[in-house]
Protein chains: 2
Amino acid sequence: MFKETKTHEVTTDVVIFTIKDGKLKVLLVKRAHEPFKGKWAIPGGFIRISETIDAAALRILKEKTNVQNIYLEQLYTFGDPLRHPTARVITCAYFALIRSDDIVLSFEDNSEITEVQWHPVYDLPPLAFDHKEIIEYSLKRVRERLEFCPIAFQLLPEKFTLTELQKSYELILDKKLDKRNFRKKFLALSILKELDECTKSGSKRPARLYSFNEITLNSKRGHFFS
Amino acid sequence: MFKETKTHEVTTDVVIFTIKDGKLKVLLVKRAHEPFKGKWAIPGGFIRISETIDAAALRILKEKTNVQNIYLEQLYTFGDPLRHPTARVITCAYFALIRSDDIVLSFEDNSEITEVQWHPVYDLPPLAFDHKEIIEYSLKRVRERLEFCPIAFQLLPEKFTLTELQKSYELILDKKLDKRNFRKKFLALSILKELDECTKSGSKRPARLYSFNEITLNSKRGHFFS
DNA sequence: AATATACTTGTAAAAAATACACTATTTAAT
DNA sequence: ATTAAATAGTGTATTTTTTACAAGTATATT
């Protein structure tokens, strides 16, 4: 199919999750050019020759969201020769979790992209390349991580209620959890700091606010220790 | 450090584990050329332009061990620009578990390699590139897998005793396990088939032989279901 | 004051993990 | 034939973890 002399191109694609409007969403960009012109895709780009892969993924993330210092983990490297219709492109995929609040989506005008937007992960448009598979696999990985490591806090604001925390778990795992058991388990982990504040009662009974203690995330297959 | 026009090279390296002489070992090759001439390294090679990454890893594995149909899982992609002293080489690392018995190590004469040998994983020689890190990370991953998935059977012969199975766990986890609890847990999993045979008493009391029921391994982050 | 809504809390049962010591079968030596 | 040495095999009690499950509390609205 390809001449053996042709070289590989190496990219990184970043699946960026957030919670917004009570839904779990991923960031997608609309492609300006062929292949897959007009189709939605995960943000990505070429890895520069003197840049680590992590740095490339961070750069992509920052270009689109202007966010730094977030949880970013290498997911898997996808390299089927047929994944790109006209070239051999190996992509090292990452996933990230961010709070969507204080984020302004952006893209350079002269770019490969005509739009940037959050899409509900359980209701995605048709995607370019193998990006559907990459997102599904990301979701699987995030769920695995959640079992061992409270990475969901990356999706929450600094101060949050236990109900919000539980909701983020439910969105990711896509199932209901028992409220009392959830709270019991989390409080036992002693990674939560109970604050002296409550929600300013948007309505109804105010809820206690919590924040996370500093925890150490090891981003290369992040397990955590408090 | 590199001109941005220079292209990446993409390789795959495979950490191959086995149990031999009562020790957990990895397969290393001695490099014939610079860089790291004469140093031991994990077997690896370039990914061909129309080959999947999995296929490339299998090819490397087969070249050195002539083994096929074994557990092979993508580990991580290492891409520090400084990991190779003179080029930008991104490597997609895999690990594999094989039985060393019926294996004849081999390498082509006109090759990059002057020797192929098993080395105890807890007593490694100095290694080329970042291969020490890659092996350490493999070991971490194998241990993680072992918690959920009895991949250790890949290291055992067709028929084995429970003591041999336990020993393989102890070698990988590098700690002693309780004999009764180990047996209880494994028998409860009902993935073992008790055979009507016993060891032909090399000495002492003969031990019951078992084999594994067919289990499905999902090699892309293999979990298993019996 | 009554009502609606979301917040908070505890206990009992089941399941899983752990700790722990003796008997059984064989070979080799006397 | 008896004994010693080596490895195989087995069960129970305790602790820990997970699960299931329902009623009272604080605030805002009417």
Side-chain angles (χ1 to χ4, degrees), chain A residues 19 21-22 143-144 146-150 152 156-157 159-171 173-211 223-226, chain B residues 19 21-22 143-150 152 156-157 159-211 223-226:
Chain A
I19 290 177
D21 311 324
R143 287 172 179 165
E144 284 173 20
L146 222 50
E147 283 180 50
F148 299 107
C149 169
L156 297 175
K159 300 170 181 183
F160 52 88
T161 67
L162 288 179
T163 303
E164 287 168 337
L165 182 61
Q166 182 177 344
K167 186 72 182 165
S168 73
Y169 271 69
E170 291 180 338
L171 286 171
L173 300 174
D174 199 25
K175 68 176 181 193
K176 279 275 167 215
L177 300 175
D178 179 84
K179 187 190 280 200
R180 278 168 294 187
N181 292 338
F182 181 86
R183 293 161 100 95
K184 194 193 316 169
K185 189 186 279 187
F186 246 94
L187 294 173
L189 283 177
S190 62
I191 52 176
L192 292 181
K193 197 185 306 179
E194 185 175 339
L195 302 175
D196 283 335
E197 302 173 63
C198 290
T199 47
K200 299 266 176 293
S201 229
S203 68
K204 313 302 138 45
R205 177 176 175 176
R208 175 71 53 182
L209 287 170
Y210 292 81
S211 68
H223 288 269
F224 85 100
F225 306 94
S226 60
Chain B
I19 290 176
D21 311 323
R143 287 174 179 163
E144 283 174 21
R145 281 287 163 277
L146 221 50
E147 283 181 50
F148 299 107
C149 169
L156 297 175
K159 299 169 182 180
F160 53 87
T161 67
L162 288 179
T163 303
E164 287 168 338
L165 182 60
Q166 182 178 342
K167 186 73 183 163
S168 73
Y169 271 68
E170 291 180 337
L171 286 171
I172 293 172
L173 299 175
D174 199 25
K175 68 176 181 192
K176 280 276 167 213
L177 300 175
D178 179 84
K179 187 193 282 199
R180 279 168 294 188
N181 292 338
F182 182 86
R183 293 159 103 93
K184 194 192 316 169
K185 187 187 280 185
F186 246 95
L187 294 173
L189 283 176
S190 63
I191 52 176
L192 292 181
K193 197 185 307 177
E194 185 176 340
L195 303 175
D196 283 334
E197 302 173 64
C198 291
T199 47
K200 299 268 178 292
S201 229
S203 69
K204 313 301 138 48
R205 176 174 174 176
R208 175 70 55 183
L209 286 170
Y210 292 81
S211 67
H223 288 270
F224 86 99
F225 306 94
S226 61

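Quick note on labels: first sequence line is chain A, next is B, and so on, each numbered from 1.
Heavy atoms of Thr161(A) sit nowhere under 4.0 angstrom from any nucleic acid atom.
When side chains are defined from C-beta on, Leu187(B) counts as touching Tyr210(B), because their heavy atoms get closer than 4.5 Å. Within the 4.5 Å cutoff, no side-chain heavy atoms of Phe182(B) are placed close to those of Thr163(B). Side-chain contact between Thr161(A) and Glu164(A): present, with at least one pair of heavy atoms (C-beta onward) separated by less than 4.5 Å. When side chains are defined from C-beta on, Ile191(B) counts as touching Pro150(B), because their heavy atoms get closer than 4.5 Å.
Spacing between atom CZ of Phe182(A) and atom P of dC7(C) amounts to 13 Å, rounded to whole angstrom units. Computed from coordinates, the Arg180(B) CZ to dA16(C) P distance equals 21 Å when rounded to whole Å. Straight-line distance from the OH atom of Tyr210(A) to the P atom of dC7(C): 12 Å, rounded to whole Å. As rounded to whole Å, 13 Å separates atom C1' of dT16(D) from atom NZ of Lys185(A). Between Lys179(A) atom NZ and dA20(D) atom P the separation is 17 Å, expressed in whole Å. For the pair Glu194(A) CD and dC7(C) P, the computed distance is 15 Å after rounding to whole Å. Taking atom CZ of residue Phe186(B) and atom C1' of nucleotide dT18(C), one finds them 18 Å apart after rounding to whole Å. In this structure, Lys200(B) atom NZ and dA8(D) atom P are separated by 16 Å, rounded to whole Å.
Pairs passing the salt bridge (Lys or Arg N to Asp or Glu O under 4.0 Å) check and including a residue from residues 173-185 of chain A, sequence neighbours excluded, read Glu170(A)-Lys176(A).
Using a 4.0 Å cutoff on non-hydrogen atoms, no part of residues 164-177 of chain B comes near DNA chain C.
For Arg183(B) and dG9(D), the shortest distance from a side-chain N or O to OP1 or OP2 is below 4.0 Å.
Side-chain to base pairing of Arg205(B) with dA8(D): one donor and one acceptor N or O lie within less than 3.5 Å of each other.
Nearer to the 5' terminus of DNA chain C, by closest-nucleotide assignment, is the contact made by Pro206(A) (compared with the other of Pro206(A) and Asn181(A)). Between Lys184(A) and Lys204(A), the residue whose closest nucleotide on DNA chain D is further toward the 5' end is Lys184(A).
Looking at every heavy atom in both residues, Leu195(A) comes nearest to Lys159(A) through CD1-CG, 3.6 Å. The minimum heavy-atom distance linking Ser168(B) with Leu156(B) is given by the pair CB-CD2, 4.3 Å.
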